[in-house]
Structures are given as C-alpha cells and as structure tokens.
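To keep things clear, I will list the structure first and then write my remarks on it.
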Number of protein chains: 2
Amino acid sequence: MKRTRTLKRKPKRSEPKHREPEAVDPRSIDDDPVVQGILTAISQKRLKPGAKLGEDKLAAAFGTTRIHIRQALAYLASRKVVMQIPNRGAFVYRPSWEEAQDIFAARRIIETAAVSAAIDRLDKAGRAELKAHMDREARHDRNDRWASLSLTAEFHVLVAKLAGNRVLLEMSRELMLRTSLAIATFEQPGEPDCSPDAHPDIGALILARDKAGAIHAMRHHIEEMEQRIRPKEGEDEVDELTAIFQEIGARARAGG
Amino acid sequence: MKRTRTLKRKPKRSEPKHREPEAVDPRSIDDDPVVQGILTAISQKRLKPGAKLGEDKLAAAFGTTRIHIRQALAYLASRKVVMQIPNRGAFVYRPSWEEAQDIFAARRIIETAAVSAAIDRLDKAGRAELKAHMDREARHDRNDRWASLSLTAEFHVLVAKLAGNRVLLEMSRELMLRTSLAIATFEQPGEPDCSPDAHPDIGALILARDKAGAIHAMRHHIEEMEQRIRPKEGEDEVDELTAIFQEIGARARAGG
DNA sequence: GATGTATGTATTGTGAACAAATATACGGCA
DNA sequence: TGCCGTATATTTGTTCACAATACATACATC
C-alpha cells in the first residue's frame, strides 16, 4: 500500500516492467463446461429459442456459483447465442426473420469460399479426414436424432477446417450455431435440418477436386436448407407491437 | 442458495410464467463506454498490441468499478480484441503471423461479396451515403492521423452496410478491428494502413455498378494492404519458446 | 366484473472485503 | 558482480451480502 519510504536511489524503471504475454495457454472460455453444456443443449434442440436461463437454476444444475454462470452467459451473449435483457435475465437467442435470412446468406458466401479453398489445399490428411467423416455419416444411426444433428453440423465445420483459415473456421462455427437457432425458431414441424443426402455428394465433389461442381452443390444445399423455414404466422402483429414499444422506449430514453 | 431439494409436489403454478422476451432494447454492451474507449484507443493505435490493461487502472481511468471493467474486458476477449491470461490479466491482443494472414484472406472473401451485394441493392439513399463518405474522405485533414484512421476503416464498414446483411456487417466490423491489430503488430514503420487513393476508385466503380471492376479493385486494395506487413524477425525464436512453455503447461495441467 | 394499485417474492445487479496467485524487491552467498 | 531463495507488494479471482428491479398475487375501487 504505502511505499515504505524505500528510497529507491536507482529508479531506472519506475514503471513496472510487465512482461508482455507470450501466447501462453489462454485456456479459452470455450472449454468451459457451462458454455459447452448450453451450446450442446441448443444444437441438440433441447433448449428452445426464448427459453429462460436463470442464473440460480443453472448454478444448481452445473454445481457451481452464479459468478461462473454469469461469465458463461455473458460470453454466449457476445456470440449472440443468448440474449441478455437488463434486470430480466438471459434467454436463448431468437433471431428475427431477417436475421435468419442474413445468416443463410452469410453461409452461402463463407462456405462456398471454404469449399474452394479446401479443394485448393486438399492433401492426403485432408482426404482421409473427409472420407472418415463421410463414413461416419453414412453408417450412423438415423434414429438417434441428437447424433444426427451433431454429425450434420460437423460436416460443414470440417469443410471450413480443411480450408485452412482459422478466422474462417471461427466464423463458420458461429454461423452453424446461429443456423440451428434460426431453424429452431422458424422450422416447419417434422422436417430435418439438413437433407442428409447432400453431404456425400459435396464430399465426393471435393475429393474429385471439381471446384465448380462442389461450390454449386454447397450453395444449392444451403439454399435448400433456407427454403425449409418460413416466417411465423402472426409474427407481423407482434412485430408491429414491438415496433411501437421500441419507438416509445427510444423516445423515453432520449428524454422526451 | 442451498435449496435443499425441497420436495414440492404439485404447486399449481410454481413455474413462473416468464414471458418470453420480445426483442426489447437489449442495450448491448457494445454501447458501454469502457468498451468503446478501448476500441477507439486501439483503432487509433494509441493502445499497442501486448499492452497491459490493468483492471484497477482502467477503473480509475473510466471512473467506475472493477466489475464493469471485468465485464468489458471479458467481452473484448470474446471478440479477440484483448487476450486474457489467468491470474496475469488482460492485454491488447497480438495476432500471430498466420492469424494476420487469415484475417486478410477472410476480408478478401467477405468484402468482395459485400461489394457485389452492395451494387445489387444500391438505391438512392445508398448512393447518397456513399458519396457523402467519399466527400468527407477527400476533404479531410490528412495530417490528423486519428481522423484518417477512423475514416479509412469507415469506408469498408459502409460498403458492408450497403450490402444490407447485418450478419455480414458484424463480421466486417470485427475483421476491421482485427486488421488494425494485425497491422499494428506487423507493420513496417511509417507506412499508412490503407492506400488512401484506392477508396475513391472503388467507390466510383460501385456507383457505376461495375461489379467486376469493383470486386477486382477491392480485392486488389486488400492485397495491397496485406503486402505492407512483414513477419517479425526473431519471431521464430519466440515461437519456439512459447511452444516449450505450452508443452510444460499442458503437462502440468495433465497432472504430471 | 374489469381496471388500477399495493404488497410480497424471486431474480438480477453491484459493491466491498477476502483469498490466491504472480511479479517485484531485497538480502545472502558464492 | 551475478545468482538464487525469501519476503513483500501488487494484481487478479472469488465469496458474501445487500440493493434495485421486475414479476405475480391479492386487494380496493369504479
């Protein structure tokens, strides 16, 4: 606290010489069990958009403290996987119809580019990884809904990984999650997320280094997904109300 | 909250009927003055990669408490703008050379797509906005370094905005920030971030709806930026060290 | 009977103190 | 002088308790 008058006669560096960080294991919050738990619950559709994520309940469920939960929720909110409303809590994010369309549009852009890059730099290891995944997807139990959901998302992530660009890979992961939220929000009952037959075709085209064909197949595949969702009926009415309230809120905040 | 599992048999409405959130003003943390302050300080290069961001100092600087600072730092860490190391603190993120290249590659993909979409949906309002920005960039004081930096980044964000895809816009904003970190880390002394003459050309091509030309100009512009940075000499040696430390850390964590 | 108000309860947000870990400074020793 | 172990000091991480807010129920009034 109080500098005990230690007459530093040689104050060559009064500033503390904080070593700069050397990329030491940041132990990302991505590994956090709470984050992982919520994420998998969402991708497995066990948590629906709009569901309340109470801090106390989560703390009890995961056997940890509220602080830990708050950190995890804040992180998920920054990734737009949960929505935090002041003094009301955290909810599973529910994208708007426009946002859902934007997500698919972004995926068309990023994943076609990823396919192209993946073909360019495809090597032996990449071929093996791709084949291994296609095998798993071909022989997996189609009745195990949760496994199916995980596998189909993994295919798209794998393609991004093969593209060899970590930034693109992060973006793909994020878009994959947001896609599952978009689908969960606007899906028609009973339809699968992904047409399961498209992946082998795309994979084969990548292995054959047919760039134009693979890109076209990927774009078509994403468009097909997008066409499975429909705007919610009666959503307009809600939108109208919220538009009014938002306007009122904005005016109140402005001080009028 | 020990909540010792009290057998509640059937309280008619024990479950609170939490209204689902209806897109009420989430008041994003993006508006937080601490986040904004650090962000602008970084894009203006007043905070260099590797700089320590002490919690107490920031709290004093912003006149707030550590809690707010910690929230802001956690958010910035999730966006890879700061790097948090357990028990050591937060530092301005310093991308690796590979990550810097990946950032530019991602920008090539996303921004060329944005140019294309912007041309497709260019309307009167968009034209006006673009022209207004080009005017400001043309007549701004070139000696005001901080204003220059802000304006050049704004051009790229504006193009993404004109593309009309909010998800793409978020990604562009994020990439813009990470680009300035990449440049700050690997720049050659004395070079500007952006060749200032490229923007009017690209803008004119967009206004002329010359899609192929605008895409080519944008790609070229980004490649030019990328070629201004060089890997740091002696970086390999550091990488070697960190590899060692990471290995040791991993072993320690594994319990050996 | 419906609407508006008041009270009680549950949940989130915040502040301050405490504990742990790390970095720095000091002193001994070769 | 240079190196190393110990002690101090700073900084981060966590816990606890309390304050503020919003929600739900009950009540009063028209």
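Everything numeric in this text was worked out from a predicted model, so none of it was measured. Letters go in sequence order (proteins before strands), and every chain restarts at 1.
Residues V167(B) and L175(A) have side chains in contact (heavy-atom distance under 4.5 Å, counting atoms from C-beta outward). Put simply, the side chain of R107(B) reaches to within 4.5 Å of the side chain of M225(B), judged on heavy atoms. Counting only heavy atoms from C-beta outward, the side chains of I109(A) and M171(B) never approach each other to under 4.5 Å. You'll find the side chain of R228(B) stays beyond 4.5 Å of the side chain of E187(B), heavy atoms only.
In this structure, E55(A) atom CD and dT14(C) atom P are separated by 11 Å, rounded to whole Å. L53(A) has its CG atom 14 Å from the C1' atom of dT12(C), to the nearest Å. Per the geometry, CG belonging to N87(A) stands 14 Å off P belonging to dT11(C), to the nearest Å. If you take CD1 of I85(A) and P of dT11(C), they are 16 Å apart, rounded to a whole angstrom. Remark: C1' of dA10(C) and NZ of K57(A) are 10 Å apart, rounded to the nearest angstrom. Rounding to whole angstrom units, CG of residue D56(B) and P of dT12(D) are separated by 6 Å. Rounded to an integer number of Å, the gap from CZ of F91(B) to P of dT22(C) is 13 Å.
For R88(A), counting side-chain heavy atoms from C-beta on, the closest listed nucleotide (dC23(D), dT22(C), dT14(D)) is dC23(D). Closest approach to the Q71(B) side chain among dT12(D), dT14(C), dT11(C) is made by dT14(C) (side chain taken as heavy atoms from C-beta onward).
Ring geometry, F186(A) versus W97(A): the interplanar angle exceeds 60°, so the pair is classed perpendicular (tilted spans 30 to 60°).
For R79(A), the salt bridge (Lys or Arg N to Asp or Glu O under 4.0 Å) partners at least two apart in sequence or on another chain are D30(A), E174(A).
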Scan nucleotides 5-7 of chain C against the protein and return all N/O pairs shorter than 3.5 Å with their distances rounded to 0.1 Å.
none

Just the table, please: protein N/O against nucleotides 15-19 of chain C N/O, every pair under 3.5 Å.
{"from": "dG15(C)", "atom 1": "OP2", "to": "T65(B)", "atom 2": "OG1", "distance (Å)": "3.1"}

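Checking the phosphate oxygens (OP1, OP2) of dT10(D), no side-chain nitrogen or oxygen of K52(B) falls inside 4.0 Å.
Between E129(A) and K161(A) there is a salt bridge, since a side-chain N of the basic residue sits under 4.0 Å from a carboxylate O of the acidic one.
If you run salt bridge (Lys or Arg N to Asp or Glu O under 4.0 Å) between E99(B) and each of R94(B), K80(B), R178(B), only R178(B) comes through. When each of L73(A), I67(A), I69(A) is checked for a side chain to side chain contact (heavy atoms under 4.5 Å, CB included) with Q71(A), only I67(A) meets the rule.
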